[in-house]
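This report concerns only the one structure given below.
Keep in mind it's a predicted model, so treat the numbers as computed, not measured. When a ligand or atom number is given, it counts from 1 through the structure's own listing order. Below, all heavy atoms of this structure are taken into account, side chains as well, without hydrogens, waters or symmetry copies.
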Amino acid sequence: MGKGLLPLLLVQKFGGSSVATAHHIAEVARKIQQAVEAGHQVVVVASAMGDSTDHLVDLAGQLVAIPSGREMDALLSTGELVTVALLAMTLEQNGVPARSFSGGQAGIKTSYDFGRARIEAIDPGPLRRALAAGITPVVAGFQGVTDSGDVATLGRGGSDLTAIALAGALKADRCEIYSDVAGVYTADPRIVPNATPLSSLSYDEMLELASQGAQVLQTQAVEYAKGHQVVIHARSTFLDEPGTQIEAEPVIAVKPAVTAVALNRHVAKIGLLGVPDYPGVAAYLFSSLANHGINVELVIQSLSHDKLNDIAFTISEHDVPKAKPIVQECLIHLKGQSVIIDDKVAKVSAVGSGMLGRPGVAATLFQALADAGINIQMIGTSEIKISCIVDRSDADRALEHIHHAFGLDGTEDVIEDD
Ligand code: ASP
Ligand code: MG
């Protein structure tokens, strides 16, 4: 960014690990200063330092079993306030006029759902006035205020949402999300060492990956970005890597069938076997689970045989203790034969909008698992995703084989239209 370039309005968000220590904050301040000195207007959004939000959660847990939502949010919102005050004073000392803002001071109005509040409105006035006065606003992420002035937080990882929502409200040219990872990869590099960084992917692909366990961006934030058409640029804070652009549908020459693969290890499989086949069975089972707040993912029902059905589904491993008594009750009520619960499975998924209307993608994936001798227990698909449930001990290998089969490690040609 040299002089003479068109000045831009940028939102720059820095995650917890980017501001973990005083030293990190000084580095981040230098980075912001560079953008300001290049002539850009910058709105900074920051997370709490390092793991400080976790420590606050811990602290509350040492005193109170079930703290009130209002007080929990009053507590958790302080982490971000520490960072923005430190960052603003560092910028000022370096000669960059800056001012810290709480979420409320930045005009962010939220719903009353403490701990997972939605952003209901943003008054861009306060930040616009600061920018017009040549002041760089440094906004506390993850929070806003309700109509009655109570602080409410936006769910864990919610600083991403703050940044994206502000970028939308201010009509920023770019929303840059800085963290300790250099963007989105074709797979988690800790599992698949030859995963490669993606230069771009679509909101829908990112949403599928995020819901499958990729933790680069908060899911609600990506949904908001999609709804408001905010282009996200996910980058590393301290490495000069190009990063990943997340936008409507990237224009690239040949769209590969699969953009990335993801692994969710924390999956459990539940089966109700020999359930009489009549209308309302699935409705009874799944509304019982839903009424207890249990989210169901893949569902399969076998073809009816002898007027009996097997129904299997997956849930989060963490919900197993809650789900057990419910499915036992359903088994009795529905007069089924038995229940199986396997909490040692994992879900591997291949995601890509390039698989739309392209035959053979599922076959390639299944063949990759067959070649590796990995048994597929369940299969689920969406328009741009294929998921398989496999034994958890096979999960890493499954991911690696699928990644390789679709040429994502660059060792094979990308499968193209034929
Ligand atoms: N500090 C909050 C959290 O750890 C919000 C964020 O980091 O985005 O969840
Ligand atoms: Mg955090």
### Message
Using ring centroids (six-membered ring only for Trp), state whether Phe238 and His24 fall under 6.0 Å.
### Response
yes
### Query
Closer than 4.0 angstrom: is that true for some heavy atom of Gly16 and an atom of ligand 1?
no
### Per-residue contact class, Glu80 against ligand 1 - non-hydrogen pairs under 4.0 Å
side chain
### Exceeds 12 heavy-atom contacts within 6.0 angstrom, atom NZ of Lys226
no
### Message
If I apply the N/O under 3.5 Å rule, does Lys13 come out as touching ligand 1?
### Response
no
### Query
N/O of Ser47 under 3.5 Å from N/O of ligand 1, yes or no?
yes
### Task
Compare all side-chain heavy atoms of Leu166 with those of Val139 and state whether any distance is below 4.5 angstrom.
yes
### Query
Within a radius of less than 6.0 Å around NZ of Lys324, do more than 12 heavy atoms belonging to other residues, nucleotides or ligands occur?
no
### Step-by-step salt bridge (charged side-chain N to carboxylate O under 4.0 Å, His left out) determination, Arg156 to Asp54
CA-CA 10 Å; Arg156 297 303 306 270; Asp54 291 330; 3.0 Å; yes
### Message
With the threshold set at under 4.0 angstrom, would you say Gly157 reaches ligand 1 through any of its heavy atoms?
### Response
yes
### Query
Numbering the atoms of ligand 1 from 1, which are under 4.0 Å from a heavy atom of Arg156?
3 (C), 4 (O), 9 (O)
